[in-house]
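Notes follow once the structure below has been shown.
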Amino acid sequence: MSDVTVMGLGKMGSALAEVLLRRERQITVWNRTGMKAEPLVDRGAVLASSAAEAVRASPLVIVCVSHYGAARQFLETKEVALALAGRVLLQLSTGTPREAREMETWARAQGAEYLDGAIAAWPSQMGGDETLVYVSGAEAPFRRHEALLKGIAGGLTYLGEAPANAAVLFAAVLSYLAGHWLGICHGALICEAEGFSVTSFGTAIAHLSPILGADARHMSALIESGSFQDPESTLATAGGDVGRLVEQAEDAGIGSEFPKFAAALFKRAIDAGYGPEEHAALIKVLRTPAKA
Ligand code: NAP
């Protein structure tokens, strides 16, 4: 038998398989489009002729395809379901918490142990000492395969037995990233319109990153404690700053969708009377969405 099977050889699945080969693991691979396995086979991977054969080949089966629906298409066949009994299935495709819970229920019904993971890294970062992969689910199979998985991601983080924990944390991180991506693109638009170097802006954000990390800890602690009464920066002050972004966009004649969206949320919070509180109190209006 191989040490591990990798199912799905897109950009991320191939990167996982390459790292495992570098770590001198015996691997079996499978992909819907078999041709993508060629570079891995040249380096010693075994290409399974079917999804069921891939599952039978190793005690640990890692799935990394576009989404859970794609995974279900090849996992939920009679042959594969039978092959899964006694295996550990680690789902590394990105999915929602509901999908993680449903897949755990299904995998356990086939007699498999289930782990659910989320990769917070680019393919080129796989194998790095600090590369983050979150995993949740049954602890015993996680510990059994921990050393192998650490070879894929040095920052491997176990989040407990609840199978959806990895998907929950990843969704929250993705929410942060969505704001980050929008912020970078709108910030670049400001720089372009005002004749300032976009790369200098990128460097400034990089210099700010330790402060952003500290702010993430600060805001999350306040939200968890529900204590917004001793602000260093009030919601009214932050809302005023965001409002000025709308003004700048209109002055410069650039798109204002992002600042208008953000400013409307701050305005709703100020109108609700949260202006004197710490700016993390914005969560109070997010908890009660505006009526459509
Ligand atoms: P990708 O390069 O687009 O590859 C998609 C993979 O899914 C291919 O192996 C593809 O098979 C397979 N697939 C899609 N639909 C299928 C179906 N119906 N049946 C069987 N196989 C199917 O995507 P990727 O970048 O490797 O991403 C894979 C997962 O990793 C995603 O969930 C993604 O969110 C996650 N991830 C990716 C990154 C990243 O930077 N790339 C970062 C973090 C997490 P074919 O080759 O046959 O089309």
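We count residues from 1, following the sequence as given. Atoms within each ligand, like the ligands themselves, are counted from 1 in listed order.
When only interatomic distances are considered, the shortest N/O to N/O separation between R32 and ligand 1 falls below 3.5 Å. Considering backbone and side-chain atoms together, W30 places no N or O closer than 3.5 Å to any N or O of ligand 1. In terms of polar-atom proximity, defined here as any N/O pair under 3.5 Å, W122 makes no such contact with ligand 1. Considering backbone and side-chain N/O of K36, one or more are found under 3.5 Å from N/O of ligand 1. Looking at G8 next to ligand 1, no N or O pair under 3.5 Å apart turns up. Residue M12 has at least one nitrogen or oxygen atom sitting less than 3.5 Å from a nitrogen or oxygen atom of ligand 1, judged on distance alone. Note: no N/O pair closer than 3.5 Å links P123 and ligand 1 by distance alone.
Between atom CG of residue L159 and atom CZ of residue F142 there is a gap of 9.0 Å, rounded to the nearest 0.5 Å. Note that OG1 of T96 is 12.5 Å distant from NE2 of H67, once rounded to the nearest 0.5 Å.
M35 CE: 12 or fewer foreign heavy atoms inside a 6.0 Å radius.
Using a distance-only test at 3.5 Å, with no hydrogens or angles considered, no donor-acceptor pair links the side chain of Q73 to the main chain of G69. Listed for the S256 side chain is no donor-acceptor partner under 3.5 Å among the backbone atoms of P259.
Each of the following atoms of ligand 1 lies closer than 4.0 Å to a heavy atom of S93: 32 (O). Residue-ligand proximity, F74 to ligand 1, at heavy-atom distances under 4.0 Å covers atoms 20 (C). Near C64, the atoms of ligand 1 lying under 4.0 angstrom from a non-hydrogen atom of the residue are 28 (C), 29 (C), 30 (O). Listed by number with element, the atoms of ligand 1 under 4.0 angstrom from any heavy atom of L9 are 9 (O).
Of all protein heavy atoms, the one lying nearest to atom 2 (O) of ligand 1 is K11 N, 2.9 Å. The protein heavy-atom contact nearest to atom 28 (C) of ligand 1 is V65 O, 3.5 Å. Of the protein's heavy atoms, G10 CA, 3.3 Å lies nearest to atom 4 (O) of ligand 1. Looking only at protein heavy atoms, the nearest one to atom 15 (N) of ligand 1 is A70 CB, 3.5 Å. Here the heavy atom of the protein found nearest to atom 11 (O) of ligand 1 is N31 OD1, 3.5 Å. Among protein heavy atoms, atom 14 (C) of ligand 1 sits closest to S66 OG, 3.3 Å.
With respect to the salt-bridge test (charged N to carboxylate O, under 4.0 angstrom), the residues E104 and R101 do not qualify. Taking the charged nitrogens against the carboxylate oxygens, R143 and E139 do have a contact shorter than 4.0 Å, which makes a salt bridge. Using a cutoff of 4.0 Å between basic side-chain nitrogens and carboxylate oxygens, E277 and K284 are scored as salt-bridged. Using a 4.0 Å cut-off between charged nitrogen and carboxylate oxygen, E38 and R43 do not count as a salt-bridge pair.
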Self-check item: salt bridge (Lys or Arg N to Asp or Glu O under 4.0 Å) assessment of K150 paired with E146
Solution: CA-CA 6 Å; K150 269 220 169 247; E146 187 173 5; 5.6 Å; no
Exercise. Please assess D241 against R244 for the test salt bridge (Lys or Arg N to Asp or Glu O under 4.0 Å), listing each intermediate value before the final yes or no.
Key: CA-CA 5 Å; D241 291 343; R244 267 179 289 285; 2.8 Å; yes
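Of the heavy atoms in Q73, only side-chain atoms (C-beta onward) come closer than 4.0 Å to ligand 1. Residue T33 touches ligand 1 through backbone and side chain together, judged by heavy-atom distances below 4.0 Å.
Ligand 1 is approached by A121 to a heavy-atom distance shorter than 4.0 Å.
For atom 34 (O) of ligand 1, the nearest non-hydrogen atom from the set I119, L174, T94 comes from T94.
Taking the six-membered ring where tryptophan is involved, the planes of W30 and F74 are tilted, since the angle between them lies from 30° to 60°.
A continuous path of Ile, Leu, Val, Met, Phe, Trp and Tyr side chains, each step under 4.5 Å between heavy atoms, connects V19 with V29, placing both in one hydrophobic cluster.
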